[in-house]
Amino acid sequence: MAGQKIQAPKGVSEYAPPRSSAFEFVRESLISPARSAGYQLIELPVFEDTELFTRGVGESTDVVSKEMYTFEDRGGRSITLRPEGTAGVMRAVIEHGLDRGQLPSKLWYSGAFFRAERPQAGRYRQFYQVGIEAIGLDDPAIDAEVIAIADAGFKKIGLTKYRLDITSLGDSESRAAHRVDLVAFIATLDLDEATKSRAALNPLRLFDDKRPEVREAMTNAPLLIDYLNEESRTHFAQVRKYLDALQISYTLNPRMVRGLDYYTGTTFEFVHELLGAQSGIGGGGRYDGLMAELGGQSLSGIGFGLGVDRALLAAEAEGVISAETFVSDLFIIPLGDLAKEKALQVASLLRNQGKTVEIAFGDRALKGAMKGADKSGARYVIVIGDSEISSGTVELKEMKTGATSSVKIDSLLTAL
RNA sequence: GUGGACGUAGCUCAGCUGGUAGAGCACCCGGUUGUGGUCCGGGAUGUCGCGGGUUCGAGCCCCGUCGUUCACCCCA
């Protein structure tokens with residue numbers, strides 16, 4: 001009796017061949033610049049104590065208030081599938097004392113994250129991010145370096161059609177001064193109740209509203225960037241100076257709003273121009289109060305999260321993914337049982353030397369096996385049968401040109 | 001949570017005003033008993049998302065339901 005077909009849960013992103021190799025390429029491209037800059041892997045659980053996020057990310061955020069996958073485990077604890085990466089990293093840093101050694105502590109991570117949102121192009125309930133965090137250093141140079149690392153990842157993929165928005169949210173003193181004026185300004189506006197209550201939670205959010213009437217109303221709103229105190233202003237100016245030195249172009253966007261409450265100071269966002277409504281491919285910033293908020297010492301931090309799914313979408317939109325990167329070096333077609341043994345031996349030897357080798361098992365007719373070899377995209381093919389075993393020599397065929405050459409089986413490694 | 005669009009072979013889709021299902025690609029076999037890509041011939045494949053209704057008759061109409069997708073809110 002046939003059972004009901006089971007489908008993947010709504011809105012998850014998953015990658016099957018052949019697209020999975022493109023996904024792998026994109027993720028690796030985003031990670032490698034961080035490794036090159038001395039960041040080390042931190043591998044964390046995908047679920048955490050719910051309080052980590054309510055306290056760390058902030059209860060006023062949409063992420064926490066309505067997008068978390070929260071459940072009770074068998075011991076009655078409230079558990080949440082991580083909606084973002086930074087809070088978990090901070091928790092682990094405190095827990096393992098990574099803030100006690102040489103600073104900054106530089107970490108990278110990669111993995112799945114979860115938000116219970118309505119799915120849409122580029123927005124999934126389970127999605128993938130690569131991120132880094134640099135903890136315990138105020139130097140504006142590291143702000144620029146963090147941004148440069150993200151930028152390098154996108155460039156490594158081959159993306160060009162994106163822009164970088166930056167701004168500064170200043171320190172708590174600057175924000176408090178601005179907030180007074182902003183709240184007073186918003187009070188003069190004629191807004192609907194839902195918007196008013198949103199503003200009450202975090203007035204900055206109104207800058208992010210897409211409705212034309214709200215945008216219009218906000219045109220003359222006081223901008224936080226104009227309220228930065230001397231220290232914040234100097235810090236931000238330094239960051240920009242370093243970005244200029246790195247020749248990383250950016251757009252100053254004082255109306256940029258980030259969705260998580262912990263951001264302070266430098267914040268940034270990478271926006272791709274060929275994506276749909278969900279065009280942010282990465283973003284981050286400083287979070288100088290987060291660690292203390294989570295019960296650790298008062299250390300500053302800066303980091304980013306890059307969307308692997310969206311970066312892949314962007315890469316596909318730009319047409320920069322090449323499929324040829326992932327093919328085998330050699331495809332072996334054995335004819336007969338003895339040949340299979342030989343093929344297994346040869347393949348294992350070559351694989352140990354770093355070659356990618358496939359074997360056509362299953363006793364297909366030679367013609368069919370050759371078709372298989374062709375479709376696999378393998379660079380070279382050899383046929384092993386009785387005569388090859390007795391002579392110890394095979395015809396090495398280069399699939400692209402069709403040219404063949406006689407090669408001793410023992411010399412295959414150098415011939416490939 | 002709100003709104004729109006769509007659900008037909010593995011994939012992309014066609015199916016005129018209701019008359020009992022098709023194409024392309026992919027797949028398998030063959031065209032020299034040991035060498036692919038082109039070409040030619042042949043072949044398999046669907047409870048037309050599901051349930052109900054109207055009708056002599058429904059892939060086409062109606063209702064419901066599930067799913068997918070795009071957008072809003074928000075975000076990677």
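Any value given below was found using the heavy atoms of this structure, including those in side chains, with hydrogens, waters and symmetry copies removed. All chains are named by letter (A, B, ...) in the order of the sequence lines, taking the proteins before the strands, and each is independently numbered beginning at 1.
- Nearest heavy atom pair, residue A:Thr80 against residue A:Met68, reads CG2-SD, 3.6 Å.
- Atom-to-atom, CG of A:Asn202 to P of B:C73 comes out at 16 Å; the value is rounded to the nearest Å.
- The ring pair (Phe, Tyr, Trp, His ring centres under 6.0 Å) pairs that include a residue from residues 198-227 of chain A are A:His178-A:Tyr227, where partners are two or more places apart or lie in different chains.
- Put simply, the side chain of A:Glu84 gets close to the backbone of A:Ala87: a donor and an acceptor are under 3.5 Å apart.
- Shown for residues 123-131 of chain A: residues whose heavy atoms fall under 4.0 angstrom of RNA chain B, namely A:Arg123, A:Tyr124, A:Phe127, A:Gln129.
- The residues A:Asp151 and A:Lys155 are annotated as salt-bridged, a charged nitrogen and a carboxylate oxygen being separated by less than 4.0 angstrom.
- Classification of A:Lys342 and A:Glu388 as a salt-bridged pair fails, no side-chain N sitting under 4.0 Å from a carboxylate O.
- Listed by first and then second residue, the side-chain hydrogen bond (donor to acceptor under 3.5 Å, both in side chains) pairs that reach into residues 355-372 of chain A are A:Ser328-A:Glu358, A:Lys340-A:Asp363, sequence neighbours excluded.
- Whole-Å rounding puts the A:Phe114 CZ to B:C75 C1' distance at 16 Å.
- Evaluation of the ring pair (Phe, Tyr, Trp, His ring centres under 6.0 Å) test over residues 116-150 of chain A, restricted to residues two or more places apart or in two chains, returns A:Phe23-A:Tyr128.
- Rounded to a whole Å, the CZ atom of A:Arg115 is 19 Å from the P atom of B:G1.
- Within the structure, every pair that satisfies the ring pair (Phe, Tyr, Trp, His ring centres under 6.0 Å) test and touches residues 248-269 of chain A, not counting sequence neighbours, is listed here: A:Tyr262-A:Tyr287.
- A salt bridge links A:Glu269 with A:Arg258: at least one charged nitrogen is closer than 4.0 Å to a carboxylate oxygen.
- Using a 4.0 Å heavy-atom distance criterion, A:Ala373 is classed as making no nucleic acid contact.
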Which letters describe nucleotides 40-49 of chain B, given B = protein heavy atom under 4.0 Å from base, S = only from sugar-phosphate, - = neither?
----------
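- For residues 112-141 of chain A, the salt bridge (charged side-chain N to carboxylate O under 4.0 Å, His left out) pairs, not counting sequence neighbours, are A:Glu117-A:Arg123.
- Close to B:U69, at under 4.0 Å from its OP1 or OP2, lies no side-chain N or O of A:Gln120.
- Across all strands, A:Glu67 comes closer than 4.0 Å only to sugar-phosphate atoms, never to a base (heavy-atom distances).
- Whole-Å rounding puts the A:Leu275 CG to B:U69 P distance at 16 Å.
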A:Tyr162 and A:Phe154: CA distance, side-chain angles, deciding distance, ring-ring contact (aromatic ring centres under 6.0 Å, His included) verdict:
CA-CA 9 Å; A:Tyr162 64 91; A:Phe154 294 131; 5.5 Å; yes
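- With respect to the salt-bridge test (charged N to carboxylate O, under 4.0 angstrom), the residues A:Arg163 and A:Asp165 qualify.
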Mind listing the N/O atom pairs, protein and nucleotides 31-37 of chain B, below 3.5 Å?
from: B:G34; atom 1: O6; to: A:Ser387; atom 2: OG; distance (Å): 3.4
from: B:G34; atom 1: N1; to: A:Glu388; atom 2: OE1; distance (Å): 3.0
from: B:G34; atom 1: N1; to: A:Glu388; atom 2: OE2; distance (Å): 3.2
from: B:G34; atom 1: N2; to: A:Glu388; atom 2: OE2; distance (Å): 2.5
from: B:U35; atom 1: O2'; to: A:Lys397; atom 2: NZ; distance (Å): 2.9
from: B:G36; atom 1: O2'; to: A:Asp374; atom 2: OD2; distance (Å): 3.3
from: B:G36; atom 1: N7; to: A:Lys397; atom 2: NZ; distance (Å): 2.9
from: B:G36; atom 1: N1; to: A:Met399; atom 2: O; distance (Å): 2.5
from: B:G36; atom 1: N2; to: A:Asp374; atom 2: OD1; distance (Å): 2.9
from: B:G36; atom 1: N2; to: A:Met399; atom 2: O; distance (Å): 3.1
from: B:G36; atom 1: N3; to: A:Asp374; atom 2: OD1; distance (Å): 3.3
from: B:G37; atom 1: O4'; to: A:Asp374; atom 2: OD2; distance (Å): 3.2
from: B:G37; atom 1: N2; to: A:Lys400; atom 2: O; distance (Å): 3.3

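- Screening residues 274-286 of chain A for salt bridge (charged side-chain N to carboxylate O under 4.0 Å, His left out), with sequence neighbours left out, gives A:Asp143-A:Arg286, A:Arg286-A:Asp288.
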Treat a base pair as Watson-Crick or G-U wobble with both distances under 3.5 Å, then lay out RNA chain B in dot-bracket form, 5' to 3', with | for cross-strand pairs.
(((((((..((((.....[..)))).(((((.......))))).....(((((..]....))))))))))))....
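- A distance-only check finds a donor-acceptor pair linking the side chain of A:Ser376 to the backbone of A:Ala378 [under 3.5 Å].
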Do any N or O atoms of the protein come closer than 3.5 Å to N or O atoms of nucleotides 2-4 of chain B, and which pairs are they?
from: B:U2; atom 1: O4; to: A:Arg118; atom 2: NH1; distance (Å): 2.5

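- The side chain to side chain contact (heavy atoms under 4.5 Å, CB included) search around A:Ala199 returns A:Ile186, A:Leu206, not counting sequence neighbours.
- Scanning atom types as modelled, one donor and one acceptor separated by under 3.5 angstrom connect the side chain of A:Glu117 and the base of B:A76.
- A:Gly368 comes within contact range of no nucleotide atom at all, as no heavy-atom separation falls under 4.0 Å.
- For the pair A:Gln278 CD and B:A71 P, the computed distance is 7 Å after rounding to whole Å.
- Atom-to-atom, NZ of A:Lys10 to C1' of B:G67 comes out at 7 Å; the value is rounded to the nearest Å.
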